[in-house]
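Per chain, numbering begins at 1; letters A, B, ... match sequence-line order. All figures in this text were calculated on a predicted structure; none of them were measured in a lab.
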Amino acid sequence: MTMASLQHADPAAGAPTRGATVRPAFVRRGWWLPYALLAPSIVFLVLFTYLPIVRVAVDALREVPHAGGPSRFVGLANFSAVLGDPAFIKAATNNLIYAVGTVVPTILLALLFALAVRRSNAFTAVLRVVLFFPSLVPLVAAASLFFFIFLPHLGLLDHYLRMVGLRGPNWLGDSDVALWSIMGITVWKNAGYYMLFYIAGLQNVPRDTIEAAMIDGANGLQRLWYVLLPALAPTTAFVVVIALVNVLTSVDHVVVLTRGGPTNATNLVLYYIFQEAHENFNYGKAAAATLMSVAVLLAISLGSVRAMERGGRGVA
Amino acid sequence: MKSTRRWTMAAIALATGAGFAGEPLAQTKIDFFFPVPVEGKLAREMTRLVRVYNDSQKEVEVTAVYTGGYDDTKLKAQAAAKAGKPPAVVLMSANFNVDLKLSGDIMSLEPFLKAGGATREKFLGDFWPALHANATVDGELYGVPFHNSTPLLYYNVDHFKQAGLDPARPPQTWAELADAAKKLTKRDGDKIERYGFQMPGGYDYLGWLMSALSMSNGGRYFNQDFGGEVYYDSPSMLGAVRFVDDLIHKHKVMPPGVVEAGGVSTAFFAGNASMVLLSTGSLSFIRENMKAPYNVGFVPRNVRNAVPIGGASLVMFKGQSEASQQAGWKFITWLSSTETLGGWSRFTGYFAPRRSSYDTAEMKEFIARNPDAKVALDQLPFAQPWFSTYQTVAVRKALEDEVQAVMNGKKKPDAAVKDAQKKADELLRPFNDQTSLKLP
């Protein structure tokens, strides 16, 4: 971004007025400056992002023996090994349930929160802080707290459930419930964060559009459905992207609370990759699974950017 | 201009400063990675010990690096080695030694013994016999035992009295355990108010406890002499898994599903569980946090008394300079001395791996004051080596996943042990292809 705009700005400012210069002005006048400015981040990006990507792509096609020795080319064997691994299928299925089960409620909640605290006054200011607060707690710390909230019989959650005569399940130890408990943490953690985007989005909805709808006799629900939601489409597209990326890239709570258990019931793709690499020392399989999840991430991002652009035009 | 000069000055100051700090002492600086499996207090005590060592001499300066749990420590040490900065000394979970030797990460300690004029037999002579197997790989010394544990039965004395059980006589057999657990479980209709028995079901702990149950059922769990075999699909393990299944689903004296160790100890403190199976490494933690009177007993047997060893030993990573190797060994020698080991044992509750630690006056007095530590010590003659195979963590998880499924009522024990064996065999296959199945 920065480089493109700098190169752009320079000739536009200098060259046309002087007319007959032989070389473009940006070459003569410190053409290296943008590159120099970018160099520090380029170095880090190359070292810690692009080189590892290349390395992963190479590793995915090779088998590295655990007990040392040279690695050898195995073609797509790692990919078929990953796809044939019941643990991966389980993790991928879990990830799908986790994605739908966290993104949808998180976004609905975020929108609801934003609508509730849209107007600024002392009360909503406090409410905003309260709702945003979970986003400030690091996920690892939050997960450590939820260990005690979810403790069977003795935890905070069961304590309150007992007050209303209910009995909680083994939140993290029952293989039918554990994934939902993990999802609960994600929703709790992110709803307030996405709320911020919706508040900003709502503030960008032109007042006169809403007033026009009111004059036309639209009730609150109709205004939400026909005016606000379409106007918020770009915000929603954006929030969906970051929510989906988050689904594939943060597993801190899984690591802290269940380590994928019981019986892989809470295993997610990223943690599966970690286990293949560092517990099973199967770097080839880990690399193959990484490439697959990166492909999914890219597809999600590209698809959503498209949707965002379409949504943006729709409003304009 | 001005700022450039300032920068130059700063750089010179830094360079000379660093030179001054490094040179006159001519110390060897080494890194020491250590995990804390139980609680944070141990990390502070370890840091204190290292400071005491650094102050006690001038040749070696040790930097203590806290590296999380056992599994994390292995990971971080291996990552550091891969990055070309291997830690000199690591306190490593004792059952990773086979794996780490196979992957070429840790070095044999035999040269140091030889240089010191000692033999392995002589060196290990002072350590409890049950620890020898995990200290050696293929007949060579790779780890010096530092702190060790076995599973132990902790029980609530008040609950025992209420249930008409003798608090001086803990259950000795599986039958007595099931019977006591039934009496101790408090029910309100269908609801269970208090569980008679509980044990951690999370990864790592569960594998260890299942090895305790299969060993006390006459089994071996793994091949102590060869890293390519585990005995999951065996009568002893099947019986152990059935026993756990019965405690949960038939006798209903243990909560279904998985409860992590932190949940089990909390339930014990809160009076929500009457008997719990936990590590002797938790002795101090429980002594400090348990408000009600409690007592401890051996892990009950079905066929014989047997418990696996747990704990950690000091290993050295390859790729060190000669100076840091010597410094590392010096540090290990100090850390594994009779006195240091005894002090650490009193502080943590782990037992000291050296027998001589128990001959000191401080230790005798400590044991007299804490009879629970005595029980843990008395169980030691029944200890067996800790499972240690090729791909230890993954092979362990193969069993744990299946037992967790049983605990959740998703699978029957017979199918569980068969599937666990199948998965473990697949994981061990590459090793066997290189060893037992590689024929002339």
Side-chain angles (χ1 to χ4, degrees), chain A residues 63-69 81 84-87 90 140 144 146-155 158-159 162 165-178 181 254-267 271-272 274-283 285, chain B residues 69 71-72 74-76 78-79 99 101-105 190-195 198 200-204 206 255-260 262-264 266-267 269-273 390-397 400-411 416 423 427 430-431 434-435:
Chain A
E63 188 195 292
V64 189
H66 171 45
D85 185 349
K90 179 79 184 161
V140 174
S144 311
F146 270 94
F147 180 82
F148 292 100
I149 293 172
F150 282 144
L151 218 54
H153 294 272
L154 304 162
D158 279 7
H159 175 76
R162 239 192 331 270
L166 288 173
R167 205 134 216 226
N170 186 346
W171 297 103
L172 294 166
D174 183 331
S175 44
D176 292 330
V177 182
S181 306
V254 171
V255 177
V256 171
L257 291 173
T258 63
R259 284 187 285 162
T263 327
N264 289 323
T266 58
N267 207 349
Y271 192 59
Y272 169 86
F274 170 85
Q275 284 180 321
E276 279 303 322
H278 299 296
E279 285 183 3
N280 304 356
F281 303 100
N282 210 325
Y283 295 111
K285 251 173 102 182
Chain B
D71 289 2
D72 304 321
K74 173 169 186 267
L75 226 139
K76 282 175 188 161
Q78 282 183 302
D99 228 4
K101 191 248 167 181
L102 286 175
S103 59
D105 283 310
D190 267 356
K191 290 179 189 165
I192 294 172
E193 293 300 328
R194 184 176 85 199
Y195 285 102
Q198 235 179 298
Y203 294 119
D204 199 2
L206 181 61
V258 169
V259 182
E260 298 274 346
V264 172
T266 311
F269 299 149
N272 219 253
Y390 172 76
Q391 295 256 40
T392 301
V393 174
V395 170
R396 181 189 77 206
K397 188 170 182 285
E400 289 169 328
D401 276 338
E402 296 298 326
V403 177
Q404 288 180 341
V406 170
M407 294 171 110
N408 266 303
K410 300 277 177 200
K411 213 160 189 176
K423 183 84 210 276
L427 288 162
F431 179 68
Q434 292 300 311
T435 54

Among B/Val259, B/Val395, B/Thr266, who wins on heavy-atom pairs under 4.5 Å with chain A? B/Thr266

Which region of B/Lys410, side chain (C-beta onward) or backbone (N, CA, C, O), has a non-hydrogen atom less than 4.5 Å from a non-hydrogen atom of chain A, or is it both or neither? side chain

Which answer fits A/Phe147, side chain, backbone, both or neither, if we ask what part of it has an atom under 4.5 Å from a heavy atom of chain B? side chain

Starting at CZ of B/Arg396, measure out to OH of B/Tyr203 and round the result to the nearest 0.5 Å. 10.0 Å

Which bit of B/Asp105 is near chain A, if near means a heavy-atom gap under 4.5 Å: side chain, backbone, both or neither? neither

Salt-bridge test for B/Asp401 and B/Lys423: reply yes if a basic N is under 4.0 Å from a carboxylate O, no otherwise. no

What part of B/Ile192 is in contact with chain A, defined as an atom under 4.5 angstrom from a non-hydrogen atom: side chain, backbone, both or neither? backbone

Interface moiety of B/Phe269 toward chain A, non-hydrogen atoms closer than 4.5 Å: neither

Minimum side-chain heavy-atom gap A/Pro262-B/Met407 below 4.5 Å: no

Relative to each other, are the rings of B/Tyr195 and A/His153 parallel, tilted or perpendicular (30° and 60° limits)? perpendicular

Segment of B/Val258 engaging chain A (4.5 angstrom heavy-atom cut-off): both

Part of B/Ala267 lying under 4.5 Å from any heavy atom of chain A: both

B/Ala405, part contacting chain A, at a heavy-atom distance under 4.5 Å: both

Pairing donors with acceptors under 3.5 angstrom, does anything connect the side chains of A/Tyr272 and A/Asp85? yes

Under a 4.5 Å heavy-atom cut-off, does chain A meet the side chain of B/Lys101, its backbone, both or neither? neither

Does the side chain of A/Thr258 come under 3.5 Å of the side chain of A/Thr266 through a donor N or O and an acceptor N or O? yes

Any side-chain heavy atom of A/Asp158 within less than 4.5 Å of one from A/Trp171? yes

Going by the angle between their ring planes, with limits at 30° and 60°, are A/His278 and A/Phe274 parallel, tilted or perpendicular? tilted

What part of A/Asn170 gets closer than 4.5 Å to chain B, counting heavy atoms only: side chain, backbone, both or neither? side chain

